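All values derive from a computational prediction rather than experimental measurement.
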Amino acid sequence: MNTRDLKLAVGERVRNYRVSNKYTQADFAEKIDISINFLSEIENGKKGMSQETLYKLCEQFDLSADYILFGKNDSDASGHSQALDHAELKTLTDFLVSMRGVFASEP
């Protein structure tokens with residue numbers, strides 16, 4: 001998965017979570033300390049988020065990074081934790097490398 005596709009998929013999961021839990025963009029953005037405009041850009045796949053924002057998102061809403069990045073639940077049907085496969089680990093690593101320097105440019 002390339003960076004653009006990852007941003008689109010992440011944005012869709014963020015938007016779906018926000019809408020299904022009846023948060024406005026303003027309320028949601030405030031809870032993770034970003035601007036409404038930046039949240040909109042994330043949801044539309046125009047921008048990625050920093051590790052700090054991903055952490056705040058997961059912490060504030062009790063979501064897993066596996067869900068945000070890959071759409072995976074915390075556990076499979078048997079209740080065992082799912083490990084990332086090689087391709088997912090590479091995608092995650094590529095995403096994090098591509099986000100270097102984002103901390104300084106976030107609103």
Side-chain angles (χ1 to χ4, degrees):
M1 179 178 287
N2 65 40
T3 302
R4 175 74 179 140
D5 291 342
L6 180 59
K7 287 179 186 176
L8 287 169
V10 166
E12 184 176 335
R13 283 189 283 278
V14 170
R15 178 186 300 112
N16 289 343
Y17 177 84
R18 179 183 62 76
V19 170
S20 68
N21 287 279
K22 299 182 171 115
Y23 287 103
T24 64
Q25 280 188 324
D27 291 337
F28 197 85
E30 182 179 333
K31 288 185 179 293
I32 58 174
D33 197 29
I34 62 173
S35 70
I36 297 167
N37 186 53
F38 187 61
L39 175 60
S40 177
E41 290 176 317
I42 290 170
E43 289 184 350
N44 290 307
K46 293 179 181 176
K47 290 209 175 168
M49 67 182 89
S50 69
Q51 294 167 350
E52 179 182 10
T53 299
L54 177 62
Y55 175 82
K56 287 178 185 178
L57 179 68
C58 293
E59 184 73 15
Q60 180 67 40
F61 298 107
D62 196 29
L63 295 168
S64 74
D66 275 351
Y67 169 71
I68 296 298
L69 295 172
F70 303 109
K72 290 186 172 186
N73 292 324
D74 285 335
S75 60
D76 63 19
S78 66
H80 295 101
S81 183
Q82 294 177 341
L84 298 178
D85 65 26
H86 180 72
E88 292 167 333
L89 187 57
K90 181 176 180 348
T91 299
L92 176 59
T93 302
D94 291 347
F95 175 74
L96 293 175
V97 167
S98 76
M99 293 294 105
R100 280 190 208 159
V102 172
F103 289 111
S105 65
E106 277 192 19

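Atom CD of residue Gln25 and atom CG of residue Asn37 lie 9.0 Å apart, to the nearest 0.5 angstrom. Atoms CZ and CG, from Phe28 and Leu57 in turn, are 5.0 Å apart once rounded to the nearest 0.5 Å. Separation of atoms CD (Gln60) and CD (Glu30) is listed at 10.0 Å; rounding is to 0.5 Å. A distance of 6.5 Å separates OG in Ser40 from NZ in Lys46, rounded to the nearest 0.5 Å. With values rounded to the nearest 0.5 angstrom, Tyr67 atom OH is found 11.0 Å from Cys58 atom SG.
Considering only residues two or more places apart in sequence or on other chains, Arg13 meets the side-chain hydrogen bond (donor to acceptor under 3.5 Å, both in side chains) condition with none of them. Judged as a ring-ring contact (aromatic ring centres under 6.0 Å, His included), and not counting sequence neighbours, the contacts of Tyr17 are Phe61. Every residue meeting the salt bridge (charged side-chain N to carboxylate O under 4.0 Å, His left out) condition with Lys56, not counting sequence neighbours, appears here in chain and number order: Asp33, Glu52. Partners of Glu43 under the salt bridge (charged side-chain N to carboxylate O under 4.0 Å, His left out) rule, at least two apart in sequence or in another chain, are Arg15, Arg18. For Thr24, the side-chain hydrogen bond (donor to acceptor under 3.5 Å, both in side chains) partners at least two apart in sequence or on another chain are Asp27. With sequence neighbours excluded, the residues forming a side chain to side chain contact (heavy atoms under 4.5 Å, CB included) with Asn16 are Glu12, listed by chain and number.
Nearest heavy-atom pair, Asp5 versus Asn2, reported as atom, atom and distance to 0.1 Å: N-OD1, 2.7 Å.
For the pair Lys47 and Glu41, the salt-bridge criterion is met [side-chain N within less than 4.0 Å of a carboxylate O].
Val14 and Leu8 fall into different hydrophobic clusters, where Ile, Leu, Val, Met, Phe, Trp and Tyr are joined by side-chain heavy atoms under 4.5 Å apart, directly or via other members. Hydrophobic clustering of Ile, Leu, Val, Met, Phe, Trp and Tyr side chains at less than 4.5 Å, counting indirect connections, keeps Ile34 apart from Ile36.
The side-chain contact (heavy atoms from CB on, under 4.5 Å) test with Leu54 singles out one residue from Val10, Leu69, Ile32, and that residue is Leu69.
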